[in-house]
Amino acid sequence: MNKIIFHIDVNSAFLSWDAVDRLNHGEKIDLRKIPSIVGGNPINRHGIVLAKSIPAKKYGIKTAQTLVEAYRLCPNLVSVPPRYHIYTKASRAMMKLLREYSPNIEIYSIDECFLDYTNMKKLFASPIEAAYMIKKRLYDELGFTVNVGVSSNKILAKMASDFLKPDRVHTLFIDEIEEKMWPLDVSKLFMAGRSSVKKLRKYGINTIGELAKSDLSFLKHILKSHGELIYNFANGIDDSKVGDLKYSLIKSIGNSTTISYDVTSEEDAYKYLLSLSESVGMRLRAVEKRAKVVVITIKTNEFIVSQKQKKLFETIVSTNEIYREAKRLFDLLWDKKPIRLLGVRVVTTEKEPFKQLSFFENKKEIKLEKLDNTLDELREKYGKDIILRATFLRGKVKPITGGVSSEDDYPKMRSQL
DNA sequence: CGAGAGGTCATAC
DNA sequence: CTAACGGTATGACCTCTCG
């Protein structure tokens, strides 16, 4: 039985949402109509483009470019700082509206989702009518435009929503693949990234059509299993289901931050590790999981990234335990080169249904967990700034490190939406 | 030789 | 008037080690 799948994608999400909020607060200028971006702060070395308006795009400005490059391309560019709270709210409102059209929704990122319309055909309008209705309602009620891709599976719906923007509905059914998708450059294909594309071009594969018609065993030879994946995608083959639980389980939680200066002292590095451990720990506890592996990342001022990880003998959950492991790994990994970025990540495990008894379970650990739970509750109730560890009383390091992401981002924030 | 640990790479948004 | 390069998650795969 043929399915009907929608992929809904907000046009210039962060920028649109920021623009709408500004208009709602009486601002006269619509950021969407001028060359503008949502951008980080270069002073903190976070200076990249997170989202761009369509006029800005016409200057050649691209997501993830540095602000310096962006200004070079368009000297009168307007840049506004990101406001994640607003984007999260807008996203929630969108997903809520979309749920009226089908209970089967997969939130893919903060501004994108898949919707299985298959069983709704009889209840509501035809798929195309429904797609236009969704688009119109989002604009009328929430003030921003989206692209809707309509097809019989997820990959094709996703490819379709990427066609001409903004404010469009596109179909890409099986019989349209040859005409609409195969002429496109191979880099436009979902999952064909820089490295794969480079290899494909080397062998004269430049369009999606050429990829679709090339030899599968050869692709597997040069790209391993990824070759088969993109071969299938190029042929419109994808049997994954909307909202497949496989993809919604949280497998790891991490935090990393580019620091506004190069860290050269152990003391400073430790403070950042504690701050990162705190935010990771809070999130870990919020989803009621425990950690079985701790990973740390160091990026040097020369952009060289290295990681070190340790599988733990016992699962852990408190900030202090995460910090302890992070610090240990740091001491093993750090070669004293100036540090630009530090990261802490934990691989999660399901919380044990009942308390596991162990030789090593001691009063101190239970105390730590109690302390963390109390801190989490206080912060939940009164805000993150209500309490902080004494280490952070003086100095420039924030007690909790928050994430910064681009509009295309937020894979793991799904659960919060 | 197979399993597990650790490390790197690629990809997405 | 123009500012120097993000953050998070996942999976594949390679290598090493150990029994």
Side-chain angles (χ1 to χ4, degrees), chain A residues 9-10 13-14 37-51 62-79 81-82 84 87 91 107-113 158 162 187 189-199 220 223-230 233 246-260 276 279-280 283 292-297 299 301-313 329 332-333 340-348 401-416:
Chain A
D9 193 334
V10 180
F14 284 6
I37 58 168
V38 174
N41 181 355
I43 309 279
N44 308 332
R45 309 204 290 190
H46 288 256
I48 63 155
V49 176
L50 302 169
K62 297 194 172 79
T63 304
Q65 248 173 353
T66 66
L67 291 214
V68 174
E69 279 173 291
Y71 279 117
R72 214 163 22 224
L73 291 166
C74 176
N76 56 0
L77 185 69
V78 171
S79 176
Y84 297 99
Y87 312 151
S91 174
I107 298 171
Y108 187 73
S109 73
I110 194 166
D111 73 320
E112 265 181 60
C113 72
K158 177 141 175 65
D162 205 35
S187 62
L189 183 68
F190 180 60
M191 283 291 161
R194 205 182 33 195
S195 171
S196 303
V197 167
K198 196 179 161 194
K199 275 189 191 160
K220 280 206 248 186
L223 293 168
K224 310 291 173 198
S225 64
H226 200 69
E228 186 166 17
L229 181 82
I230 59 177
F233 283 1
K246 192 176 91 178
Y247 297 109
S248 59
L249 301 170
I250 296 168
K251 289 163 185 139
S252 73
I253 295 174
N255 243 177
S256 64
T257 187
T258 293
I259 299 155
S260 55
L276 291 161
S279 70
V280 168
R283 284 165 58 199
K292 62 176 179 216
V293 178
V294 176
V295 191
I296 66 143
T297 305
K299 177 147 84 181
N301 61 351
E302 290 169 315
F303 285 77
I304 297 169
V305 178
S306 47
Q307 298 188 325
K308 198 153 188 72
Q309 67 186 63
K310 178 80 184 144
K311 180 163 172 26
L312 305 167
F313 185 58
L329 290 168
L332 291 170
L333 183 60
R340 179 186 178 87
L341 168 145
L342 279 171
V344 174
R345 160 168 305 275
V346 296
V347 179
T348 59
T401 304
V404 177
S405 317
S406 80
E407 99 183 17
D408 320 299
D409 172 21
Y410 275 71
K412 88 274 109 222
M413 304 299 274
R414 264 178 268 182
S415 54
Q416 299 184 15

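Worth saying up front: this structure is predicted, and the values here are computed from it rather than measured. Naming convention: chains lettered A, B, ... in sequence-line order (proteins, then strands); numbering from 1 in each chain. Note that these values count all heavy atoms, side chains included, but never hydrogens, waters or copies made by symmetry.
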For nucleotides 2-6 of chain B, list the nitrogen or oxygen atoms of the protein found under 3.5 Å from its nitrogen or oxygen atoms, one pair per line.
unit_1: B:dG6; atom_1: OP2; unit_2: A:K311; atom_2: N; d: 2.8

Over 60° means perpendicular and under 30° means parallel, so tell me whether A:F14 and A:Y84 are parallel, tilted or perpendicular.
perpendicular
Quick one: is C:dG11 close enough that its OP1 or OP2 comes under 4.0 Å of any side-chain N or O from A:S225?
no
Less than 4.0 angstrom from a charged side-chain N to a carboxylate O is my criterion; do A:K158 and A:E112 meet it?
yes
Roughly, in whole Å, what's the span from NZ in A:K251 to C1' in C:dT10?
7 Å
Sugar-phosphate, base or nothing in reach of A:L77, heavy atoms under 4.0 Å:
nothing
Check the phosphate of C:dG7 against A:H46, side-chain N and O only, distance under 4.0 Å to OP1 or OP2. Yes or no?
yes
Rounded to the nearest angstrom, tell me the gap between atom OH in A:Y84 and atom P in C:dG6.
12 Å
Of all heavy-atom pairs between A:I107 and A:C113, which one has the smallest distance, and what is that distance?
CA-CB, 4.0 Å
How is A:I253 classified with respect to the nucleic acid when contacts are heavy atoms under 4.0 Å: base, sugar-phosphate, or nothing?
sugar-phosphate
With A:Q307, which residues qualify under side chain to side chain donor-acceptor pair (under 3.5 Å), at least two apart?
A:T297
Please state whether the phosphate of B:dA12, meaning OP1 or OP2, lies under 4.0 angstrom from any side-chain nitrogen or oxygen of A:R194.
no
Reckon A:T257 has a side-chain N or O less than 4.0 Å from the OP1 or OP2 of C:dG7?
yes
Could you tell me how far apart A:F303 (CZ) and C:dG7 (P) are, to the nearest whole angstrom?
11 Å
Provide the distance between the two C1' atoms, one in C:dG6 and one in B:dT11, to the nearest whole Å.
16 Å
To the nearest angstrom, the NE2-P distance between A:H226 and C:dC13 comes to 10 Å
By salt bridge (Lys or Arg N to Asp or Glu O under 4.0 Å), which residues pair with A:R45, not counting sequence neighbours?
A:D262
Assign A:K199 to base, sugar-phosphate, or nothing according to its heavy-atom contacts below 4.0 angstrom with the strands shown.
nothing
Nearest-angstrom distance from the residue atom OH of A:Y71 to C1' of C:dA4
13 Å
Can you name the nearest heavy-atom pair linking A:T258 to A:H46, along with the distance?
O-NE2, 3.1 Å
Assign each of A:P42 and A:P75 the nucleotide of DNA chain C bearing its closest heavy atom; nearer the 5' end lies the nucleotide of A:P75
Between A:R345 and C:dA9, does any side-chain N or O lie under 4.0 Å from OP1 or OP2?
yes
Report the relative orientation of the aromatic rings in A:F190 and A:Y108; use parallel for angles under 30°, tilted for 30 to 60°, perpendicular for over 60°.
perpendicular
What do you reckon, do A:F190 and the base of B:dA12 stack, with centroid distance below 5.5 Å and planes below 30°?
no
Does OP1 or OP2 of C:dA9 have a side-chain N or O of A:R283 closer than 4.0 Å?
yes
A:L223 has an atom CG; how far is it from atom P of B:dC9, in whole Å?
17 Å
Would you say B:dA10 has OP1 or OP2 under 4.0 Å from some side-chain N or O of A:S195?
yes
If I take atom CG in residue A:L50 and atom C1' in nucleotide C:dC5, what distance separates them, rounded to the nearest angstrom?
12 Å
Whole angstrom value for the distance that separates P of B:dC9 from NZ of A:K224
16 Å
Using modelled atom types and a 3.5 Å cut-off, is there a donor and acceptor pairing between side-chain atoms of A:T348 and backbone atoms of A:I250?
yes
Which of the following nucleotides, C:dG6, C:dT10, B:dT11, is nearest to the side chain of A:S252?
C:dT10
Any side-chain N or O of A:S109 under 4.0 Å from OP1/OP2 of B:dA12?
no
